[in-house]
There are 2 protein chains.
Amino acid sequence: MNDYSKIFTDFLLRKEMKFTNSRKIILDTVFSLHDHFDIETLYETIKTKHNNVSRATIYRAIPLLIEAGLLKKSLRSLSKDKYEHIFGHPSHLHLICDKCGKIIEEVDKDVENLLNKIAIKYDFKIKEVNVSLRGFCSDCVKVGSSNV
Amino acid sequence: MNDYSKIFTDFLLRKEMKFTNSRKIILDTVFSLHDHFDIETLYETIKTKHNNVSRATIYRAIPLLIEAGLLKKSLRSLSKDKYEHIFGHPSHLHLICDKCGKIIEEVDKDVENLLNKIAIKYDFKIKEVNVSLRGFCSDCVKVGSSNV
DNA sequence: TTTACTAATGAGAATCATTTGCAACAAGAA
DNA sequence: TTCTTGTTGCAAATGATTCTCATTAGTAAA
């Protein structure tokens, strides 16, 4: 059993929940997707592999994966929440191009440290950090961004 | 005419759009709300003052206010976008309590500078910055956050 | 000021992601 | 096997946001 399966089964055990086949399929598929994905993509990917898991079950599994520390709601684009799995991924911030949709990831320990300090100042327990810069990427800014 | 009305009328003029009564009411109400607000709150606030502006008109005005640089979509909580007007407000980050919904604001120039540097590194033109820490505030962390 | 043109509005229907209710199901305990 | 309880799939419900379209209201010209 791989690392993330172990984390998830332990988590479920603690919650007295079952590591069902549907949950296994969802977990494996989540970790097979290496980009930010939305629920519909996850659903379609599962369906393509001849598995059958309903959307409802997926929607119900997502909060579990998040609570288990395996998944993160990373950003929202085009009215959809996008997720990404966490697997030794360092936390990172996103530069999101509003024109072409490109997403650039950047790891910056300094930002991270500063944010942690702020949390400590307020006695705030961080569960999730989201940093995103929206605007135009180098390609799109050339084209002209005056009246989007 | 106050500052924000001037900015908005200039903006509308440039776009060859009209400074109608509905838009005036929306603008004034947006600037009367000094917290983060969602569309429903804005709608109810307008209705309470015996004005009548439909939800559709509000939804149509919001992107204009944003484009005019007067309003910012600042965060998303409980599946609703929350907005805040910009009126000499320095940019700031949010600490959002997932338990009680409290929102703490913090201004931090160091974070801001670091993010600007990252944008420069990628030749990225920032239109909007969003930094939010989600978790539990000092009050809620005491109560126990193990199984939310 | 009246006319005429067009953008803007209001009301409700439509959309679309997400959630929920419920009957059928499955896995483990007794 | 039978009982218990959590899980699932389906379809209906929800809720924020967008769209349609008939009507209204600014505004420029007459």
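All figures in this text were calculated on a predicted structure; none of them were measured in a lab. In what follows, chains are A, B, ... by sequence order, proteins preceding strands, each numbered from 1.
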- [ ] Please list, chain by chain and in numerical order, all residues satisfying side chain to side chain contact (heavy atoms under 4.5 Å, CB included) with A61(A), sequence neighbours excluded.
- [x] I26(A)
Open item on the list: Among residues at least two apart in sequence or on other chains, which ones pass side chain to side chain contact (heavy atoms under 4.5 Å, CB included) with I7(B)?
Closed with: L70(B)
Open item on the list: Can you pull out every salt bridge (Lys or Arg N to Asp or Glu O under 4.0 Å) where at least one residue sits in residues 50-60 of chain B? Sequence neighbours excluded, please.
Closed with: E40(B)-R55(B)
- [ ] Go through K102(B) and D139(B) one step at a time and tell me if the salt bridge (Lys or Arg N to Asp or Glu O under 4.0 Å) criterion holds.
- [x] CA-CA 10 Å; K102(B) 182 161 68 188; D139(B) 292 336; 3.4 Å; yes
Take atom [atom1] of [X] and atom [atom2] of [N], then tell me their distance rounded to the nearest Å.
X	N	atom1	atom2	answer
N51(A)	dG9(D)	CG	P	11 Å
K15(B)	dA8(C)	NZ	C1'	15 Å
L64(B)	dA8(C)	CG	C1'	11 Å

Open item on the list: Does a side-chain N or O of T57(B) approach OP1 or OP2 of dG10(C) to a distance below 4.0 Å, or not?
Closed with: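 Affirmative; the distance criterion is met.
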Open item on the list: Tell me every residue that passes ring pair (Phe, Tyr, Trp, His ring centres under 6.0 Å) with F31(A), counting only those two or more places apart in sequence or in another chain.
Closed with: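 Partners of F31(A) by the ring pair (Phe, Tyr, Trp, His ring centres under 6.0 Å) criterion, ordered by chain and then number, come out as Y4(A), H85(A), F87(A).
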- [ ] Identify, with sequence neighbours excluded, every residue that meets ring pair (Phe, Tyr, Trp, His ring centres under 6.0 Å) alongside H94(A).
- [x]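 Once residues adjacent in sequence are excluded, the partners of H94(A) under the ring pair (Phe, Tyr, Trp, His ring centres under 6.0 Å) criterion are H36(A), H92(A).
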Open item on the list: Other members of the hydrophobic cluster containing I96(B), with the 4.5 Å side-chain heavy-atom rule, please.
Closed with: L75(B), I103(B)
- [ ] Go through the structure and list residues passing salt bridge (Lys or Arg N to Asp or Glu O under 4.0 Å) with K49(A), not counting sequence neighbours.
- [x]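 Partners of K49(A) by the salt bridge (Lys or Arg N to Asp or Glu O under 4.0 Å) criterion come out as none, since no residue qualifies.
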Open item on the list: Whether the S54(B) and T57(B) side chains hold a donor-acceptor pair (N or O, under 3.5 Å, no angle test) is what I'd like checked.
Closed with: yes
Open item on the list: Grouping I, L, V, M, F, W and Y whenever their side-chain heavy atoms are under 4.5 Å apart, do L13(B) and L65(B) come out in a common cluster?
Closed with: no
- [ ] Is it possible for you to say whether I120(B) and L115(B) belong to one hydrophobic cluster, with membership spreading through side-chain heavy-atom contacts below 4.5 Å?
- [x] no
Task: Close residues, residues 21-37 of chain B, relative to DNA chain C [heavy-atom separation under 4.0 Å] - done: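 Those residues are S22(B), R23(B).
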TODO: Give the B/S/- string for nucleotides 11-29 of chain C, one per nucleotide from 5' to 3', where a protein heavy atom under 4.0 Å of the base yields B, of only the sugar-phosphate yields S, and otherwise -.
DONE: B-----SBBBB--------
Show me the side-chain donor-acceptor pairs of residues 17-24 of chain B shorter than 3.5 Å, one per line, residues at least two apart or across chains.
residue	atom	partner	partner atom	Å
T20(B)	OG1	R23(B)	N	3.3
R23(B)	NH1	K18(B)	O	2.8
K24(B)	NZ	D28(B)	OD2	3.2

Task: From E67(B) atom CD to R14(B) atom CZ, the distance as rounded to the nearest 0.5 Å - done: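 Those atoms lie 9.0 Å apart.
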Task: Angle of first-five versus last-five pair axes in the helix from dT1(C)-dA30(D) to dA30(C)-dT1(D), to 10 degrees - done: 20°
Listed pairs, N/O of protein and of nucleotides 1-3 of chain C, under 3.5 Å:
none

